[in-house]
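We number each residue from 1, following the sequence as shown. Worth saying up front: this structure is predicted, and the values here are computed from it rather than measured.
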Amino acid sequence: MKLLFAKGPSLNTRLLVALLVSVSMLVIDYRSERLSRLRSLLSVLTYPLQALASLPVDLSHSVSDTVISFVELQKENRRLKEQQFVNDAKLLKLAALEKENTRLRMLLENSFQLGEQVLIAELVSVKLAPYEHTVVVNKGARFGVHAEQPVLDANGIVGQVVRALPSSSEVMLITDPDHAIPVQVNRNGLRTIAFGTGQPNRLHLPFLANNADVVPGDLLVTSGLGGVFPAGYPVAVVDKFEARPDKSFANIYATPKADLDKSREFLIVWSHSTPVVLGEPGKPPADVQDGRESANGAP
């Protein structure tokens with residue numbers, strides 16, 4: 001019964017003893033290495049408690065970093081997709097410009113070979129009437145363009161100007177049913193007329209006899225007759241010769257050399273020897289005006 005009611009040292013005494021022991025251990029640890037093994041053993045024993053205590057904080061940091069990384073990756077992915085879309089669009093535009101540059105080079109090379117004055121025009125629109133093959137280009141009367149001028153691309157005759165407006169012109173293609181062009185067979189000089197059929201890439205030569213010296217593959221060029229198309233321009237290649245004994249003329253068809261349904265740049269040709277001033281009608285170019293003013297003593 002005495003043990004049940006026995007009292008141990010007081011709390012102050014216990015605190016004092018704990019402080020003395022702690023100070024003694026600190027002094028011993030500071031002055032010697034005797035407690036290093038004990039410290040290592042205690043650190044091993046307390047490490048799981050430390051890890052368990054820091055687990056919630058570490059877990060929250062890990063989750064926060066993961067969420068932030070996911071959001072940033074989403075933003076980066078969206079930005080890269082947008083950048084890729086822009087780059088793809090630029091590449092498409094670059095490819096189109098590359099093709100256009102190639103076509104313009106071909107046109108310029110042909111313009112030097114032709115020997116006539118030429119003007120490069122770009123396609124603006126195509127008339128959608130089913131049996132009319134007419135296009136509109138962006139050069140008109142203020143550039144000196146006039147009706148009945150021949151128009152061609154890098155491969156051959158396209159058609160002729162039928163109406164010249166101030167800023168644009170209408171061009172009738174050689175495949176239009178109302179169009180006819182004097183041609184000759186380049187191989188033997190045989191002359192005839194090629195008519196439009198209203199079909200894309202199709203010309204008809206209705207006035208050649210059954211025994212005419214024409215074979216598929218013959219190149220047709222402009223004959224120069226009629227005064228509209230200068231001689232020597234490629235027009236079409238014969239692809240069908242069908243003799244008809246019951247009729248006076250053979251059935252002959254040809255395919256135009258020009259890319260009528262693909263070309264976007266054309267050459268408008270002047271066949272006259274006198275150069276045409278490219279500018280507003282009745283107004284000389286700036287360099288001519290400057291020359292006149294200088295000749296008159298103007299500043």
Side-chain angles (χ1 to χ4, degrees), residues 103-124 126-127 132-139 145-164 169-208 214 216-240 252-272 276:
R103 293 194 300 268
L104 289 175
R105 283 180 178 272
M106 293 175 63
L107 286 174
L108 289 176
E109 289 175 2
N110 283 350
S111 69
F112 285 115
Q113 295 172 1
L114 294 175
E116 284 96 12
Q117 183 180 357
V118 297
L119 175 67
I120 295 179
E122 294 183 5
L123 181 69
V124 175
V126 178
K127 288 199 173 181
E132 290 185 15
H133 292 189
T134 307
V135 299
V136 178
V137 297
N138 65 343
K139 295 295 188 295
V145 178
H146 58 82
E148 296 187 353
Q149 273 191 274
V151 179
L152 63 153
D153 67 2
N155 299 308
I157 291 290
V158 170
Q160 62 177 303
V161 177
V162 293
R163 183 178 292 106
S169 298
E170 294 183 10
V171 178
M172 179 184 291
L173 306 183
I174 57 176
T175 53
D176 190 282
D178 294 330
H179 192 275
I181 177 171
V183 297
Q184 66 182 22
V185 179
N186 192 51
R187 176 173 56 86
N188 53 24
L190 180 64
R191 292 189 297 271
T192 185
I193 299 177
F195 290 86
T197 61
Q199 301 176 10
N201 297 323
R202 193 77 162 169
L203 296 179
H204 186 212
L205 286 69
F207 300 135
L208 287 176
V214 179
D218 278 342
L219 174 64
L220 303 176
V221 298
T222 52
S223 65
L225 300 178
V228 176
F229 296 94
Y233 288 101
V235 178
V237 175
V238 176
D239 57 15
K240 179 181 179 182
I252 305 174
Y253 289 94
T255 301
K257 288 283 292 180
D259 293 328
L260 302 179
D261 55 348
K262 298 178 183 178
S263 294
R264 296 187 60 87
E265 295 84 20
F266 304 102
L267 286 176
I268 301 177
V269 180
W270 283 267
S271 58
H272 304 293
V276 178

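- One N or O on the side chain of Thr222 and one on the backbone of Gly232 form a donor-acceptor pair closer than 3.5 Å.
- The structure places CD1 of Ile174 at 4.5 Å from CG of Leu203, a figure rounded to the nearest 0.5 Å.
- Once rounded to the nearest 0.5 Å, the distance linking OG1 of Thr192 with CG of Leu208 reads 4.0 Å.
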- Message: Evaluate Glu132 against Asp176 for side chain to side chain contact (heavy atoms under 4.5 Å, CB included), listing each step before the verdict.
- Response: CA-CA 6 Å; Glu132 290 185 15; Asp176 190 282; 4.1 Å; yes

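- Here the shortest heavy-atom pairing between Phe229 and Gly159 reads CE2-O, 3.4 Å.
- A 4.5 Å side-chain heavy-atom check between Leu205 and Leu220 finds at least one atom pair inside the cut-off.
- Remark: Leu225 CG to Ile193 CD1 distance equals 8.5 Å, nearest 0.5 Å.
- Sparse packing is recorded around CZ of Arg163, with 12 or fewer heavy atoms of other residues, nucleotides or ligands lying under 6.0 Å away.
- Checking side-chain atoms of Thr175 against main-chain N and O of Pro200 turns up no donor-acceptor pair under 3.5 Å.
- Ring geometry, His204 versus Tyr253: the interplanar angle falls under 30°, so the pair is classed parallel (tilted spans 30 to 60°).
- Note that CG of Asn138 and CD of Glu265 are 9.5 Å apart. Values are rounded to the nearest 0.5 Å.
- If you take CD on Gln149 and NZ on Lys139, they are separated by 13.0 Å, rounding to the nearest 0.5 Å.
- Atom CZ of Arg191 has 12 or fewer neighbouring heavy atoms from other residues, nucleotides or ligands inside a 6.0 Å radius.
- Without hydrogens or angle criteria, Asp153 side chain to Gly156 main chain gives a donor-acceptor distance under 3.5 Å.
- Checked by atom type and distance alone, the side chain of His133 never pairs as donor or acceptor with a backbone atom of Pro177 at under 3.5 Å.
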- Task: Might you work through the side chain to side chain contact (heavy atoms under 4.5 Å, CB included) test for Val158 and Leu260, ending with a clear yes or no?
- Result: CA-CA 6 Å; Val158 170; Leu260 302 179; 4.0 Å; yes

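- Rounding to the nearest 0.5 Å places CD1 of Ile120 at 12.0 Å from CZ of Phe266.
- With hydrogens and angles ignored, the 3.5 Å screen pairs no side-chain donor or acceptor of Ser169 with any backbone N or O of Val161.
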